[in-house]
Amino acid sequence: MNFSEIKSLDESYVLQTYGRNQIAIDHGRGATLWDTEGREYIDFTSGIGVCSLGYANEAWAKAIYDQAMKVGHISNLFYTEPYARLASKLVPAAGMAAAFFGNSGAEANEGMIKLARKYSFEKYGKGRATIITLKNSFHGRTITTLKATGQDHFHDFFFPFTDGFRYAEANNMDSLLAEADGDVCAVMVELIQGEGGVNPLQKDYVQSVAKLCAEKDWLLLVDEVQTGIGRTGTAFAFQQFDVQPDAVSFAKGIAGGLPFGGFLVSEKCRNVLRAGDHGSTFGGNPMSAAAANVVMDTLTPEFLAEVQEKGGYLRKGIAALNSPFVSGIRGMGLMIGAGIQGMTHKELKDKLMAEGLLCLTAGKDTLRLLPPLVITKEEIDKGLAVMAKVMK
């Protein structure tokens, strides 16, 4: 089918909840994509951080095929090998104690919220269920995770929202302390606020939050839906902040393109959620878990060091453009934000796409770059060449 035919079907039969780019992607290899009309694009999006191993990865595809030919799904009423093997890799990689598997980032964050409230209820009883999140954060699109999100424009239309959240200014301990009433059970943070504009938190602030949580017996919940699974150059971003959370969520890149997510818990929280307290029909799906095992096997120390090195290479390349449209560059590993001035970030994104480079936007003025972790320097250079052409 060509682009017009696909678009016609979309407009006729699909809810129009997305502002889609006016191209239809047909296939890809590595960090390069082709649309239905044969045009080539360098991909700095990886499906919003999902396609960690890029496109047409043979080991990934073979693992999915092999598992599909054995059993595609059976439910968590039975044991299967793929999720068990995955947990044995993921848990020690994070220095945690146990895993729960679900399907998405929002679901993973909801699970951490339930964990924190049950932990507090069992230890302290009712009246200690508030979770502090940060302004400009984003934690998902369910009713509860929308309320957990610290951006007012997400708190419209879908009333009533779930109660039990308050918001503090990022990198401001006084603001956090002002919300520290006796009804708090946890603090939930993104270490880099992705949708909010690719804004890394300050290391000393994160460590102060962790210390406060330990003193008050609040759970420290770290949302690593976007930053986890090698995106920042370590298995999880919290490992670069020298803190150990009580629970950490993951999704996006874990299965390299299949729906998968979950959260990991510390030893303190290992036995909080017991049989019947939480569940997910598709959680730990054998095919998705098989794909995730390939991703985890790829994240060797050498591979993660390359992610950091390629991230630095890309940031330096953008800086070397000396473009008047770039107001600043920030991020970690291959999660990069560039502040944009002189035009809107959406206008720039569209201009880059027209010249063969796919990028994302975030916040009010940020061009967001989340390339596949396997991107080559040749592909990075092609993307930088497009930027140079557009941002002269």
Side-chain angles (χ1 to χ4, degrees), residues 1-29 31-52 54-57 60-61 64-65 68 72-73 102-108 110 138-146 149 151 153-159 161 194-195 225-226 251-253 255-261 280-283 285 287-288 291 343-364 367-372 386:
M1 298 176 70
N2 61 33
F3 170 69
S4 296
E5 292 168 333
I6 294 170
K7 183 179 180 182
S8 177
L9 288 179
D10 174 273
E11 292 175 344
S12 296
Y13 300 107
V14 179
L15 282 178
Q16 299 299 292
T17 59
Y18 299 103
R20 300 189 199 275
N21 295 308
Q22 296 303 295
I23 59 175
I25 298 300
D26 182 73
H27 65 282
R29 180 167 292 277
T32 304
L33 291 165
W34 287 265
D35 68 14
T36 51
E37 316 309 304
R39 291 185 293 261
E40 179 180 315
Y41 303 86
I42 298 298
D43 180 30
F44 280 8
T45 76
S46 62
I48 316 183
V50 168
C51 302
S52 49
Y55 307 96
N57 182 286
W60 177 83
I64 296 168
Y65 173 81
H73 177 71
N103 310 287
S104 71
E107 183 183 346
E110 289 246 4
F138 181 83
H139 296 292
R141 291 187 178 274
T142 65
I143 289 293
T144 297
T145 54
L146 277 176
T149 292
Q151 300 184 57
H153 71 276
F154 283 109
H155 302 157
D156 291 329
F157 310 124
F158 308 115
F159 310 102
F161 286 92
E195 299 290 335
V225 168
Q226 194 164 150
K252 287 194 181 291
L258 294 186
F260 205 66
S280 173
T281 296
F282 290 102
N285 170 266
M287 290 190 295
S288 293
M343 70 175 91
T344 69
H345 55 353
K346 185 180 184 302
E347 287 172 333
L348 178 57
K349 181 262 295 180
D350 290 343
K351 291 177 184 291
L352 293 169
M353 183 174 67
E355 296 295 334
L357 176 62
L358 303 183
C359 298
L360 299 160
T361 59
K364 297 178 180 179
L367 191 70
R368 179 172 40 153
L369 312 178
L370 302 171
V386 174

Validation row: [X], [Y] side chains within 4.5 angstrom (heavy atoms):
X: Leu357; Y: Ile42; answer: yes
X: Arg20; Y: Asp10; answer: yes
X: Leu370; Y: Gln226; answer: yes
X: Phe154; Y: Arg141; answer: yes

When you measure from the side chain of [X] to the backbone of [Y], do you find a donor-acceptor pair of N or O atoms at a distance under 3.5 Å?
X: Ser52; Y: Gly253; value: yes
X: Trp60; Y: Ala255; value: yes
X: Glu40; Y: Gly38; value: no
X: Glu37; Y: Phe3; value: yes
X: Asn285; Y: Gly72; value: yes
X: His345; Y: Leu360; value: no
X: Glu5; Y: Asn2; value: yes

Nearest-0.5 Å distance, [atom1] of residue [X] to [atom2] of residue [Y]:
X: Met1; Y: Leu9; atom1: CE; atom2: CG; answer: 4.0 Å
X: Ile6; Y: Thr36; atom1: CD1; atom2: OG1; answer: 5.0 Å
X: Leu358; Y: Phe44; atom1: CG; atom2: CZ; answer: 10.0 Å
X: Asn21; Y: Lys349; atom1: CG; atom2: NZ; answer: 4.0 Å
X: Ser46; Y: Lys252; atom1: OG; atom2: NZ; answer: 8.5 Å
X: Arg39; Y: Ile25; atom1: CZ; atom2: CD1; answer: 9.5 Å

Decide side chain to side chain contact (heavy atoms under 4.5 Å, CB included) for Cys359 and Arg368; before the verdict, give the C-alpha distance in whole Å, the side-chain angles of both, and the deciding distance to 0.1 Å.
CA-CA 6 Å; Cys359 298; Arg368 179 172 40 153; over 6 Å; no
| field | Full working for side chain to side chain contact (heavy atoms under 4.5 Å, CB included) between Leu369 and Thr45 | value | CA-CA 6 Å; Leu369 312 178; Thr45 76; over 6 Å; no
Least distance between heavy atoms, [X] atom then [Y] atom:
X: Met353; Y: Ile23; result: SD-CD1, 4.0 Å
X: Ala106; Y: Gly140; result: CB-CA, 4.0 Å
X: Thr149; Y: His139; result: OG1-N, 2.9 Å
X: Val225; Y: Gly105; result: CG2-CA, 3.5 Å
X: Phe260; Y: Ser288; result: CD1-CB, 3.4 Å
X: Arg29; Y: Trp34; result: N-CZ3, 3.8 Å

Without hydrogens or angle criteria, can the side chains of [X] and [Y] be said to hold a donor-acceptor pair below 3.5 Å?
X: Thr32; Y: Asp43; answer: no
X: Thr145; Y: Glu110; answer: no
X: Asp350; Y: Gln22; answer: no

>> How about CZ on Phe282, more than 12 heavy atoms from neighbouring residues, nucleotides or ligands closer than 6.0 Å, or not?
In response: no
Residue set satisfying side-chain contact (heavy atoms from CB on, under 4.5 Å) with Met343, at least two apart, ordered chain then number -> Phe325, Ile340, Glu347, Leu348, Lys351
Walk me through it: do Phe159 and Phe157 pass the test ring pair (Phe, Tyr, Trp, His ring centres under 6.0 Å)? CA-CA 6 Å; Phe159 310 102; Phe157 310 124; 7.8 Å; no
